[in-house]
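In what follows, a single structure is set out as structure tokens and then discussed.
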Amino acid sequence: QVQLVESGGGLVQAGGSLRLSCAASGRTFGIYAMAWFRQAPGKEREFVASISRSGGNTDYADSVKGRFTISRDLAKNTVYLQMNSLKPEDTADYYCAADRIDNMDSDSHKYNYWGQGTQVTVSS
């Protein structure tokens with residue numbers, strides 16, 4: 001099994017920055033693509049960003065392009081989400097996900113492992 005633990009969430013003013021981390025443990029050799037999703041109160045979970053196993057390929061939701069950057073450190077089994085120029089509409093619980101294949105899918109149903117989430121609140 002694989003365990004994912006997110007950290008780095010918090011309260012920030014609009015225009016500020018946060019860096020989320022997701023540390024993987026367990027059978028990490030089975031992890032390929034990883035991704036971040038988010039879910040705001042009363043809304044469905046939505047795709048934020050994904051990254052290939054090598055880190056050489058990334059994908060972003062249109063709403064975060066140019067503001068968020070996903071990266072990973074294979075040696076540390078950790079994926080990061082650098083969030084800049086934060087907006088109040090970025091407020092949500094952010095979840096890390098991992099897949100057993102390298103598809104970098106934007107469909108949350110395709111991911112095999114999930115973290116417990118970390119809360120991000122952006123005040124106006």
Side-chain angles (χ1 to χ4, degrees):
Q1 276 292 355
V2 172
Q3 294 78 43
L4 303 175
V5 178
E6 301 98 333
S7 60
L11 173 63
V12 64
Q13 287 189 330
S17 298
L18 281 175
R19 188 194 195 204
L20 305 183
S21 299
C22 172
S25 61
R27 299 171 68 87
T28 56
F29 60 85
I31 293 176
Y32 285 82
M34 295 190 74
W36 288 95
F37 290 80
R38 66 186 181 186
Q39 187 167 17
K43 294 188 176 181
E44 293 187 352
R45 189 168 297 189
E46 65 174 1
F47 170 75
V48 176
S50 60
I51 189 166
S52 62
R53 179 171 175 83
S54 70
N57 293 300
T58 58
D59 189 25
Y60 297 92
D62 288 342
S63 59
V64 306
K65 278 181 183 176
R67 300 188 298 122
F68 291 10
T69 302
I70 188 171
S71 61
R72 72 191 294 174
D73 185 329
L74 284 174
K76 295 183 178 180
N77 291 314
T78 300
V79 65
Y80 305 97
L81 186 68
Q82 178 67 44
M83 305 186 295
N84 299 328
S85 302
L86 282 161
K87 305 174 181 179
E89 50 264 44
D90 294 318
T91 295
D93 291 327
Y94 283 71
Y95 296 88
C96 174
D99 200 352
R100 289 195 290 258
I101 58 177
D102 220 12
N103 268 0
M104 298 170 46
D105 213 295
S106 60
D107 181 353
S108 63
H109 296 94
K110 298 295 180 64
Y111 287 83
N112 305 104
Y113 308 107
W114 290 87
Q116 81 291 347
T118 186
Q119 189 173 54
V120 171
T121 303
V122 184
S123 63
S124 56

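All values below come from the heavy atoms of this structure, side chains included, with hydrogens, waters and symmetry mates left out.
A donor-acceptor pair is defined here as one N or O able to donate and one able to accept, closer than 3.5 Å; no such pair exists between the side chain of T121 and the backbone of T91. Panel note: side chain D102, backbone A33; a donor-acceptor pair is recorded below 3.5 Å. A distance-only check finds no donor-acceptor pair linking the side chain of E6 to the backbone of C22 [under 3.5 Å]. Within the 3.5 Å criterion, the main-chain N or O of N57 finds a donor-acceptor partner in the side chain of S52.
Scanning all heavy atoms of the two residues, the minimum distance from V120 to M83 falls at CG2-CE, 3.9 Å. Shortest non-hydrogen contact noted between A35 and I70 is CA-CD1, 4.4 Å. Contact record, A49 with L81: CB-CD1, 4.3 Å, taken as the closest heavy-atom pair. The minimum heavy-atom distance linking L86 with L18 is given by the pair CD1-N, 3.8 Å. Taking every heavy atom of both residues into account, R67 and D90 meet most closely at NH1-OD2, 2.7 Å. Of all heavy-atom pairs spanning Y111 and M104, the tightest one is OH-C, 3.5 Å.
Between T69 and Y80 there is no side-chain heavy-atom pair separated by less than 4.5 Å. You'll find the side chain of L20 stays beyond 4.5 Å of the side chain of Y95, heavy atoms only.
Residues satisfying the side-chain hydrogen bond (donor to acceptor under 3.5 Å, both in side chains) criterion with Y94, sequence neighbours excluded, are R38. Under the salt bridge (charged side-chain N to carboxylate O under 4.0 Å, His left out) criterion, R100 pairs with no residue at all, not counting sequence neighbours.
We find the CZ-NE2 distance between R45 and H109 to be 9.5 Å, quoted to the nearest 0.5 Å. With rounding to the nearest 0.5 angstrom, the NZ atom of K87 is 14.0 Å from the OG atom of S124. Annotation: the span from S50 atom OG to N103 atom CG amounts to 9.5 Å, rounded to 0.5 Å. Put simply, OG1 on T28 and CD on Q3 are 10.0 Å apart, with the number rounded to the nearest 0.5 Å. If you take CG on D99 and CG on N112, they are separated by 5.0 Å, rounding to the nearest 0.5 Å. How far CD of E46 is from OG of S106: 11.0 Å, rounded to the nearest 0.5 Å.
Salt bridge D62/K65: present, at least one basic N to carboxylate O contact under 4.0 Å.
Taking the six-membered ring where tryptophan is involved, the planes of W114 and F37 are tilted, since the angle between them lies from 30° to 60°.
At a threshold of 4.5 Å between side-chain heavy atoms, the hydrophobic network of Ile, Leu, Val, Met, Phe, Trp and Tyr places I31 and V48 in one connected group. The hydrophobic cluster containing M34 also contains V2, counting ILVMFWY residues as joined when their side-chain heavy atoms lie under 4.5 angstrom apart, directly or transitively.
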